[in-house]
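Following: one structure in C-alpha cells, then a few remarks.
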Amino acid sequence: MTVAAALVLAALVLAALVVATWAAVWRAAPRVEMVTKPLALLALIALAVTLGAPGTDVGVSVLVALGLALVGDVFLLGSGARSFVGGLGAFLLSDLAYLVAFVMLGFHWIPALVVLVLALFVLRTAGHRVQAGAAREGGPWLGGGTTAYMLVLSVLAVTAAGTALPLVLAGALVFLVSDLVLGLDRFVGPRARADLVVMVTYHVGQVLMVVGALTSATASSGLR
C-alpha cells in the first residue's frame, strides 16, 4: 500500500469513528460511545504515524500527547469524581506534551501576544467561574487542579499561536472551547447539548493540531 493510500484509509476510518461517536452522544447511547470514542483516538494515532510522526521529535511528542489523551478519554467515560480527576490529570499531561511539540515548531511573538491577551480574558471570565464551581463541588484539590489545567491549556493556546501555523492555532482554540464548555456545563450549570458541542470541538481540535504540527514537522525534516 502506498503512503497516499494509507493516509486516505486512515483518514476515512478516523472520520467514520468520529461521526459514530458524535451520533452516539446525540442519541445518548453511552455503550456505543464507550467503544467508538477510544477507537477514534486510536485511529488518530494511526493517522499520525502514517503522517510520519515517529520520524521527528515533534511527532514523537504529538504521539505522547495522543496516548495521554486516550487515557483521558477512557477515564472520562466514567461518571464519578475519580474518573473526572483521572481524566483531568491525563489531559493536563497531554496538553504539556502538545506544548513541547509546538515550542519545537518555533515561536513568533506577535501572534503569541495576541492570543495571550485572549487567554487572560478567558481565564478572568469563564475560567474564573469554572474554577469557583470546581472548588465548591470538590474543595481546594479539585479547584486547584482545575485552575492548573486551565493555566496549562492557556499556555498551550499561546504556544500554538507562536508556531504561526493556522491549523495548529485553530486546533488549539477549538480545543480550548471544548474544555471551557465542559467545565461550564459540569461546574457552573447545564448547557443545552453541551455534550455534543464538547465532543465535536474536541475531535476537531485534536485533528487540526495533529495534522498542522505533523505536516510542518515532516516538511521541515524532508520526510515527505
Side-chain angles (χ1 to χ4, degrees), residues 41 44 48 53 57-73 76 84 87-134 143-188 191 194 197-217:
L41 250 291
L44 183 54
D57 290 339
V58 170
V60 170
S61 189
V62 167
L63 288 176
V64 171
L66 288 173
L68 290 165
L70 178 59
V71 173
D73 275 351
L76 292 181
F84 182 83
L88 184 70
F91 275 109
L92 188 149
L93 294 175
S94 176
D95 289 353
L96 287 173
Y98 270 129
L99 194 156
V100 171
F102 296 164
V103 169
M104 286 191 284
L105 288 169
F107 194 80
H108 299 77
W109 283 101
I110 293 178
L113 288 174
V114 172
V115 173
L116 175 61
V117 173
L118 173 63
L120 290 173
F121 174 77
V122 170
L123 284 173
R124 184 66 183 86
T125 53
H128 176 72
R129 297 176 67 196
V130 171
Q131 186 277 332
T146 303
T147 299
Y149 181 80
M150 289 190 297
L151 288 172
V152 170
L153 188 62
S154 298
V155 176
L156 173 67
V158 172
T159 55
T163 67
L165 297 171
L167 285 182
V168 172
L169 174 56
L173 292 178
V174 173
F175 193 76
L176 174 64
V177 169
S178 178
D179 282 340
L180 277 176
V181 173
L182 174 64
L184 289 168
D185 181 65
R186 180 181 177 90
F187 297 120
V188 179
R191 266 65 179 169
V197 173
V198 168
M199 194 62 68
V200 171
T201 51
Y202 168 67
H203 283 134
V204 171
Q206 289 271 24
V207 170
L208 290 176
M209 289 192 294
V210 169
V211 173
L214 292 182
T215 52
S216 177

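When a residue number appears, it is its place in the shown sequence, counting from 1.
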Query - side-chain hydrogen bond (donor to acceptor under 3.5 Å, both in side chains) involving T147 - partner list, sequence neighbours excluded - result: none
Requested in this report: Would you name the heavy atoms of A164 and H108 that are closest together and state the gap between them?
Outcome: CB-ND1, 3.6 Å
Report task. Compare all side-chain heavy atoms of L76 with those of F84 and state whether any distance is below 4.5 angstrom. Result -> yes
Query raised in the report: Taking side chain as C-beta onward, heavy atoms only, is R191 less than 4.5 Å from V197?
Result: no
Report task. Could you label the plane-to-plane angle of the F91 and Y202 rings as parallel, tilted or perpendicular, counting under 30° as parallel and over 60° as perpendicular? Result -> perpendicular
Query raised in the report: Nearest heavy-atom pair of G212 and V168: which atoms, and what distance?
Result: C-CG2, 3.6 Å
Report summary line: Looking only at heavy atoms, the pair that brings L63 and A48 closest together is CD2-CB, 3.9 Å
**Report entry** Polar side-chain atom of T163 near backbone of A160 as donor-acceptor pair, under 3.5 Å
**Finding:** yes
Query raised in the report: In Å and rounded to the nearest 0.5 Å, what is the OG1 to CG distance from T146 to D179?
Result: 10.5 Å
Requested in this report: Would you name the heavy atoms of A69 and L41 that are closest together and state the gap between them?
Outcome: CB-CD1, 4.2 Å
Report summary line: Shortest non-hydrogen pair, R124 vs H128, comes out as O-CB, 3.4 Å
Report task. Show your working on side chain to side chain contact (heavy atoms under 4.5 Å, CB included) between L88 and L92 and close with a plain yes or no. Result -> CA-CA 6 Å; L88 184 70; L92 188 149; 5.7 Å; no
Report task. To the nearest 0.5 Å, tell me how far L169 CG sits from L173 CG. Result -> 4.5 Å
Requested in this report: State, to 0.1 Å, how close A172 and A157 come at their nearest heavy-atom pair, and which atoms those are.
Outcome: CB-CA, 4.2 Å
Query - With S154 via side-chain hydrogen bond (donor to acceptor under 3.5 Å, both in side chains) - residues at least two apart - result: none
Query raised in the report: Atom CE of M209 and atom CG of L165: how far apart are they, to the nearest 0.5 Å?
Result: 13.0 Å
Query raised in the report: When rounded to the nearest 0.5 angstrom, what is the spacing between CZ in F175 and CG in L156?
Result: 7.5 Å
Donor-acceptor list for residues 93-105 side chains, cut-off 3.5 Å, not counting sequence neighbours:
residue : atom : partner : partner atom : Å
S94     : OG   : A65     : O            : 2.7
D95     : OD2  : Y149    : OH           : 3.1
Y98     : OH   : Q206    : OE1          : 2.4

Query raised in the report: Near R129 CZ, under 6.0 Å, is it more than 12 heavy atoms from other residues, nucleotides or ligands?
Result: no
Query raised in the report: Going from CG on L116 to CG on L123, what distance comes out if it is rounded to the nearest 0.5 angstrom?
Result: 9.5 Å
Requested in this report: For side chain to side chain contact (heavy atoms under 4.5 Å, CB included), just list the numbers for L66 and L44, CA-CA rounded to whole Å, side-chain angles, deciding distance to a tenth of an Å, and then say yes or no.
Outcome: CA-CA 8 Å; L66 288 173; L44 183 54; 3.7 Å; yes
Query raised in the report: Hey, what do you get for CG (D73) to CG (L68), rounding to the nearest 0.5 Å?
Result: 11.5 Å
